[in-house]
2 protein chains.
Amino acid sequence: MSNKLDSARQLSVDDQDEKMPTRNTLRYIILGLLAAHPMSGYDIKRAFDRSLATYWNAGNSQIYTTLKTLAERGLVSSEVVYQEDRPNRRVYRLTPAGRAAFDAWLSEPVPPRFTKDEFLTKLFFCGQTSDEAALRHLEAHLEALRAQLADMEWALREYGDRPTRRPRLLEYQMLVRDYKQAILQTDLAMTEQAIARIRARL
Amino acid sequence: MSNKLDSARQLSVDDQDEKMPTRNTLRYIILGLLAAHPMSGYDIKRAFDRSLATYWNAGNSQIYTTLKTLAERGLVSSEVVYQEDRPNRRVYRLTPAGRAAFDAWLSEPVPPRFTKDEFLTKLFFCGQTSDEAALRHLEAHLEALRAQLADMEWALREYGDRPTRRPRLLEYQMLVRDYKQAILQTDLAMTEQAIARIRARL
DNA sequence: GTTTGCATGTAAACCGTTACATGATTGG
DNA sequence: CCAATCATGTAACGGTTTACATGCAAAC
């Protein structure tokens, strides 16, 4: 469909490329979190669950391995913090190179990519089943959406109004939150409408 | 969490399990398309671009390899259709086993999975850059959304009103289309609102 | 005394993207 | 002559998920 300028791809002269060539959004998320404060892998996982889970998430296994590769590339450094009563923590912080890489990512445009939506994809094919089966999917989706909206409300109450010394960060986070919430609400409204549409025929 | 019946996991004697255990939405999409009519890999690619691209897409390489594994597992069969003037086509059709697998997928609930949204993720971190950079991202997103909406309109005009002998299929496809369109419109509205919000400060 | 929370990881399988490869025909 | 359409694939890499593995402390 759109077919404009695929190749603005000159050979860049400098091959300092400890290549970080592809996408790896997760790497940059971790750098971005560490830009706010030093954290352990465990902390990062909690940051996902608290505030990021709606837009992205990752399992522990991916987080820990990614931290390791970031360290190998010199984008983060780490030190062990010894604790009694609890397991020791390995705390990571950004290096200047890491900060630079993060800034570069922030200023780059988001590369386009096809969306993948398992729910809509299945619904697309539901003409090949019974309306009852379709209704089951829609109702399950409705429930999932309500749970997600409730989670967002909860996270807002729990973590949203804490004082911060970086109001700009919070401002964008709230902006994104509102954005996502509006989409979820439309999603919910459309699911309800679809249910009504199908029920009307039974 | 669950720690009860791990031991239901004895070596199963029958290794008919040509296991199709994971997710692979693409496999089922292909089965679903073939359920409507027999098609070649090329046709499947076109079906994606015409009507499915908004919810899912795949490159040729993945399509052709997936067709091969589906054939190995006996879910589809194929025959070569010879053509003059053009390359021959290998046309695939569902086997009864394939139809059964597709039906099973349709009746299963959609397994939950974390969403990943590169755009919102980047916006989430935009408090660490200039508002100008954030505006650039938002404006690029706006343009992408407009293009996508235009594509959907175009696809509707081009392929949407053709007569069909399976009105139920089309009905669900229209439902999903409306659904997606509403979400894109909310997306667009929120992007515009975010742009206004940031501009108000400059 | 069992579950939850803290804390860190490894290995393998699986899914998706990018790059590459080929070759005839039709239309501008 | 160049681009697009038709048509089919292979190879390599990279990113994600799932399963497995460990172990102490506090709380119920």
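Worth saying up front: this structure is predicted, and the values here are computed from it rather than measured.
Pairs passing the salt bridge (charged side-chain N to carboxylate O under 4.0 Å, His left out) check and including a residue from residues 189-198 of chain B, sequence neighbours excluded, read A:Asp178-B:Arg197, B:Arg146-B:Glu192. Sorted by first then second residue, the salt bridge (charged side-chain N to carboxylate O under 4.0 Å, His left out) pairs that include residues 36-45 of chain A, not counting sequence neighbours, are A:Asp43-A:Arg46, A:Asp43-A:Arg89, A:Lys45-A:Asp49. Sequence neighbours left out, the pairs with a member in residues 98-107 of chain A that pass salt bridge (charged side-chain N to carboxylate O under 4.0 Å, His left out) are A:Arg99-A:Asp103.
In terms of phosphate contacts, A:Asn24 brings a side-chain nitrogen or oxygen within less than 4.0 Å of OP1 or OP2 of D:dT16. Proximity of B:Arg27 to the phosphate of C:dC15: a side-chain N or O atom is located under 4.0 Å from OP1 or OP2. For C:dT17, one of the phosphate oxygens OP1 or OP2 lies less than 4.0 angstrom from a side-chain nitrogen or oxygen of A:Lys116.
Here the nucleotide nearest the side chain of A:Lys68, chosen from C:dG16, C:dG9, D:dT17, is C:dG9. Here the nucleotide nearest the side chain of A:Tyr92, chosen from C:dG9, D:dT17, C:dT17, is C:dG9.
Evaluation of the ring pair (Phe, Tyr, Trp, His ring centres under 6.0 Å) rule for B:His141 yields B:Phe119 as partners, not counting sequence neighbours. Scored by the ring pair (Phe, Tyr, Trp, His ring centres under 6.0 Å) test, A:Phe125 finds B:Phe102 as partners (sequence neighbours excluded).
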Close N/O contacts between protein and nucleotides 5-8 of chain C (under 3.5 Å):
residue	atom	partner	partner atom	Å
C:dC6	OP2	A:Tyr42	OH	2.8
C:dC6	O5'	A:Tyr42	OH	3.3
C:dA7	OP1	A:Gln83	NE2	2.8
C:dA7	O3'	A:Asn88	O	3.4
C:dT8	OP1	A:Arg90	N	2.7
C:dT8	OP2	A:Tyr42	N	3.0
C:dT8	OP2	A:Tyr64	OH	2.8

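Salt bridge annotation for A:Arg27-A:Glu72: absent, with no cationic side-chain nitrogen under 4.0 angstrom from a carboxylate oxygen.
Between the CD atom of A:Glu84 and the C1' atom of D:dA25 there is a distance of 13 Å, rounded to whole Å.
In this model, a side-chain donor or acceptor of B:Ser61 finds a partner on the base of C:dT18 within 3.5 Å.
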